[in-house]
Amino acid sequence: MRTRERHFVRPLLRSAPGRGELSPAERAVPSYAPPSLPRYRSFPMSTDFRTTVFLPQTDFPMRADLPNREPRLQARWQEIGLYERLRETAKGREKFVLHDGPPYANGHIHMGTALNKILKDVVVKNQQMLGKDAPYVPGWDCHGLPIEWQIEQEYRKKGMDKDAVSIADFRRECREHALRFIDIQRGEFIRLGVSGDWANPYTTMAFDAEAGIFRELSKFLLSGSLYRGKKSVMWSVVEKTALAEAEVEYHDHTSVTIWVKFDIVRPSHAELEGAKAVIWTTTPWTMPANRAIAYGPLMDYAVITVQAVGADSLAKPGERLLLGLDLIEEVAKAAGITEWSTGPVLKGTALEGTIARHPFAGLEGGYGFEVPLLSADYVTTDQGTGLVHTAPTHGEDDFNTGLKYGLEIPDTVAGDGTYTEEAPGFVGLHVFKAAEPVIEALVAREALLARGTLVHSYPHSWRSKAPLIFRATAQWFIPMDGEDHLRQKALAAIDTTRFVPARGKNRIRSMVESRPDWNISRQRSWGVPIAVFVEKASGAVLRDPEVVERIAQAFETEGADAWWTRDPQFFLGDRYRLEDFEKIDDILDVWFDSGSTHATVLEQRPELKWPADLYLEGSDQHRGWFHSSLLESCGTRGRAPYDAVLTHGFVVDAEGRKMSKSLGNTLSPMDLMKTHGADILRLWTVSSDYAEDIRIGKQVLDGTADAYRRLRNTLRYILGNLAGFNETERLEVEKMPELERWVLHRLTDLDRAVRELNASFDFAALYKAIHDFCAVDLSAFYFDVRKDAFYCDSKDSLRRRAARTVLDYLFDCLTAWLAPVLVHTAEEAWLSRHPDADSVHLRRYPELPAAWRDEALALKWQRVREIRRVITGALELERKEKRIGASLQAAPVVHVLAKDESLLKGIDMAELAITSGLELSTAPAPANAFKAEDVDGVAVEPRLAAGLKCARCWQVLVEVEQSSNGICQRCEAAVAKVAA
RNA sequence: GGGCCCGUAGCUCAGUUGGUUAGAGCGCACGCCUGAUAAGCGUGAGGUCGGCCGUUCAAGUCGGCCCGGGCCCA
């Protein structure tokens, strides 16, 4: 590791502490350089030798102008059919398949999509250049709610009624909408420089995809893994539909609250004899659906005996009420109970097995069932009574408790919000008008303890703004723990999958461990139908491979619309009669669609393979695509559809906050295309640590643009100094100076980094290594040192030939290594040097000769550069004192140890330090010589170079004093050769 | 509220099994060059490693709490 010298110590001061403070000028004036002398002199009658200097020549401009240049390169790629050429070139090679997670075909791309696609493109191009055949088939997720919304919104604008449109017409419009945004996004991805089979992407709405998705569903159907169950969903009684979380908004709502007494009919504990369990609810209308009372097993309860009550109290003295210990006061206050006595404390677990009676028991002959007290861990003491009214139909927790204890899940409320026959006494009544009738019935049966109102946050429909209800509805599921043991298979698959970063494994694992059965149905229109029939008599779902095949074939030729446009009897064939069956019109959740792409795309397209080598998506997809693909594939094929999963974080703003329209901190990738260009965005992508959240903002982008300029100028310097290079000029490595061989050694370091860091997907480290190599090793050192040889050596000088040969290798390596990221700039540079070439992207990473590697040389040159740093440090002080400007005005004496002297044998330190002369000495350094704090054994006495400045190479040499035209002997020879 | 995770110089990142004055590049400041020039070179200044408490001879590295932030759930 190189460290920069930072603290220069003046030994003079150290050795003479008693002299007191000296001014900087006093300290710095050495006796050997009288300040009165001119800083340097040139030959009096020098002619202009500029034209004889081999200055860099290139048409590769310093200014990138990416916003204009990139589209031109992209057009060229299109013309030459780059993607097809890539496939051709790589034919027969080992495949590397990154399977594209399909973005949703709605709206324009955002920063996150851009980041994702760029990372994918970098991975794919790296693998291709590492020698694999890396096809990339982009895809789109096309079905689903957001597109339905868009179309419905257009209807509303036109004043049309959605229900008046046929489902086929509606689906056609959804399809056209998706198609439109596929085109838009495709153009945007191409603008980012992403290569892929853009002419033949996959979509989940293609007819063969719809058929394929249905075929995947059928595998679950035929194996018996598809079942119809119920699930509590948010339901709008206005729109008569279930709503997704995204369609729900929360507003304050005033609810009538009630405290209700349930007679305990079978106590589990003597204390409960004759007592009443008290519940509290904000939804009186759910009372007919009550089937249980939940208690907290670890909470404390007690039975109170009412002794005195206030004027309007519904409580009666002598009544015994079971309540949560911490909530007694609060309930007493609400119920107007002024005096009471409290019985012994009962743990929640003591309530186990207690049975109560529904307060409506006997009402119109209904409610005769038992109401058990059940344990639930969500019961709290912050509100209510410590006993929770449980209506399995009307809430997530309630529903889960119902499932857990096998409670009846009644259909008490119809889709329009009216009570069904299963709510005796209230049939036909609308639930939003039910509070008072319910309360009246409770009062009549002496079951009401108190009432009140509460303002709280309550879910409302995003569209109608009407309050929502929870309602259990019929849904389709794939079991996690059925005969197929899907959960176990999925967990096993997770264990054998590589996750990058590794923590992704834990994340998806804990989700799979605890998730409920997979709900795959939606009550919508734009999707692949759950095209199954249920036998009316038995309620069994029809499992007949012939029916399945008829449906699948119809989907293949007509699309999934066939489910609605064809006569259902056609699918059933001759063996079944339609009137015996219920045709299911639910559609599949889009996660099932995209979760099936491994089957509909990887298995179907010959250029791909199953399983994929890699899935690469944002970390939200642990619950999304990684998850659904895993379940689908484990359910149908017994293993994960991928060998490895790479996740990246989210793009956040400069302060680390998420980007959102409401915060006004969003950046559009397409805007950045106009101001910066794709290569800047791509460089930003790889220089960030994608494992975490990725910041972007002005300062970050400015920094990226600076790094880009460094890389670009490195290429430009190489191109400029490589002008006219031809094979006869190439020099064998054995004949090269050590400096050149050191550069080649460094290339082998970088080559290693390219291969290893690409294997670990550690792009940030890789691009820092390349950038630092360009900045530190090349620009600040090698290029600076070799400028003299490039510009002034005669063209046949071995030194110059060696250096130009190295530039040639550098160019080959850097253009290849940068190509996956700076896709445009690398191409531009490559074509600048090889105008007849096809594309830099058709290349592979160069295979470097093993002989270039020379660890001993690297170690030696680490020391050489340390010594050099002491010299540049010394010169800097001279510069500060205005004794020199350019380093060529100096010819320092460098005092070194004997071991360093032998180390430097054959190395021209003056050349490396860019001084006109340099004397190496093992004699003890004078006390005032410069030393670097962190470099031992080196001291530098700065001296001015003697002689005159060569008018051509600008070195200050004594020999120039003898020259007739003001140039040195080397330049004389070089000029003569040019003239000849 | 729960699960997973993050917080090292202005920015982007390194910091190995806890062990000498915490590193790099960029940016910044100052200076140089004017034959890479809307370039190039050199030198320098920047960090109580989010905060607090603890474990330890020793903590950026381990533990707890808090603050800030992200994703996914509720």
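Chain letters run A, B, ... following the sequence lines, proteins first, then strands; residues in each count from 1.
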request  = Check if the side chain of A/K768 and the base of B/A14 share a donor-acceptor pair of N or O atoms closer than 3.5 Å.
outcome  = no

Closest to the side chain of A/M62, out of B/G40, B/G35, B/U37, is B/U37

Exercise. Considering only the P atoms, how many Å lie between B/U20 and B/U37, rounded to the nearest integer?
Worked result: 46 Å

> What integer number of Å spans the C1' atoms of B/U8 and B/G15?
Replying inline: 9 Å

Q. Quick one: does A/T58 reach the base of B/A36 with a side-chain donor-acceptor pair under 3.5 Å?
A. no

Measuring only the C1' atom in each nucleotide, how far is B/G64 from B/U17? A whole number of Å is fine.
23 Å

Residue pairs meeting salt bridge (Lys or Arg N to Asp or Glu O under 4.0 Å), one or both in residues 780-791 of chain A, sequence neighbours left out, come to A/E740-A/R786, A/D784-A/K787, A/R786-A/E911, A/D788-A/R799, A/D788-A/R970

Residue pair A/Y717/A/L875 against RNA chain B: nearer the 5' end by closest nucleotide is A/Y717

- Message: Would the distance check show the side chain of A/S916 and the main-chain N or O of A/L888 forming a donor-acceptor pair, the cut-off being under 3.5 Å?
- Response: yes

Open item on the list: Roughly how many Å apart are B/A39 and B/A22, using the C1' atom of each and rounding to a whole number?
Closed with: 34 Å

Using the 3.5 Å cut-off, write out each protein N or O paired with an N or O of nucleotides 28-31 of chain B and the distance between them.
residue : atom : partner : partner atom : Å
B/G31   : O3'  : A/K882  : NZ           : 3.1

- prompt: Does A/R833 pair with A/D808 as a salt bridge, N-O distance under 4.0 Å?
  reply: yes

Rounded to whole Å, CD1 of A/I770 lies from C1' of B/C26 at a distance of 16 Å

Between A/S510 and A/R507 (side chain of the first, backbone of the second, donor and acceptor by atom type, cut-off under 3.5 Å), is there such a pair? yes

The nucleotide from B/U12, B/C71, B/G7 with an atom nearest the side chain of A/R695 is B/U12

Winner on side-chain proximity to A/R716, out of B/U37, B/C26, B/A24, is B/U37

Against the side chain of A/V700, the closest entry in B/G42, B/C11, B/G40 is B/C11

Whole-Å distance, A/W954 CH2 to B/C41 C1', equals 14 Å

Examine distances only and state if a side-chain atom of A/R804 and a backbone atom of A/A723 form a donor-acceptor pair shorter than 3.5 Å. yes

Out of B/U34, B/G25, B/G70, minimum distance to the side chain of A/A775 belongs to B/G25

Correct closest heavy-atom pair for A/V512 and A/R487 would be O-NH1, 2.8 Å

Side-chain atoms of A/D772 come closest, of B/G35, B/A24, B/C71, to B/A24

Taking B/G23 as the reference, what is the distance to B/G69 when you measure between their C1' atoms (whole Å, please)?
26 Å

**Item:** Whole-Å P distance, B/U48 and B/U61
**Value:** 15 Å

The complete set of side chain to side chain donor-acceptor pair (under 3.5 Å) pairs with one or both residues in residues 691-701 of chain A, sequence neighbours excluded, reads A/K698-A/D702

- Using the C1' atom on both, measure B/C49 against B/C33 and round to a whole Å. 39 Å

What residues 648-657 of chain A contributes to the RNA chain B interface at heavy-atom separation below 4.0 Å is A/F650, A/G656, A/R657

Of the listed B/C5, B/C72, B/A36, the closest approach to the A/N506 side chain comes from B/C5

Closest to the side chain of A/D689, out of B/G7, B/G3, B/C13, is B/C13

Please measure how far the C1' atom in B/G47 lies from the corresponding atom in B/U21, and state the result in whole Å.
14 Å

Q.
Between the side chains of A/K880 and A/E876, is the shortest nitrogen-to-carboxylate-oxygen separation below 4.0 Å, so that they form an ion pair?
A. no

Side chain to side chain donor-acceptor pair (under 3.5 Å) pairs touching residues 708-717 of chain A, sequence neighbours excluded, are A/D706-A/R709, A/Y708-A/R712, A/Y708-A/T825, A/R710-A/S779, A/R712-A/E828

Identify every side-chain donor-acceptor pair in residues 54-63 of chain A under 3.5 Å, counting partners at least two apart or on other chains, and give the distances.
residue : atom : partner : partner atom : Å
A/T58   : OG1  : A/F60   : N            : 2.9
A/D59   : OD1  : A/S832  : OG           : 2.8

* If only side-chain N and O atoms of A/R710 are considered, is one of them under 4.0 Å from the OP1 or OP2 phosphate oxygen of B/C41? -> yes

Assigned chi class of B/G46 under the 90° convention is syn

Paired with A/H627, the side-chain hydrogen bond (donor to acceptor under 3.5 Å, both in side chains) test is passed by just one of A/R515, A/Q621, A/H622, namely A/R515

Residue pair A/A764/A/D784 against RNA chain B: nearer the 5' end by closest nucleotide is A/A764

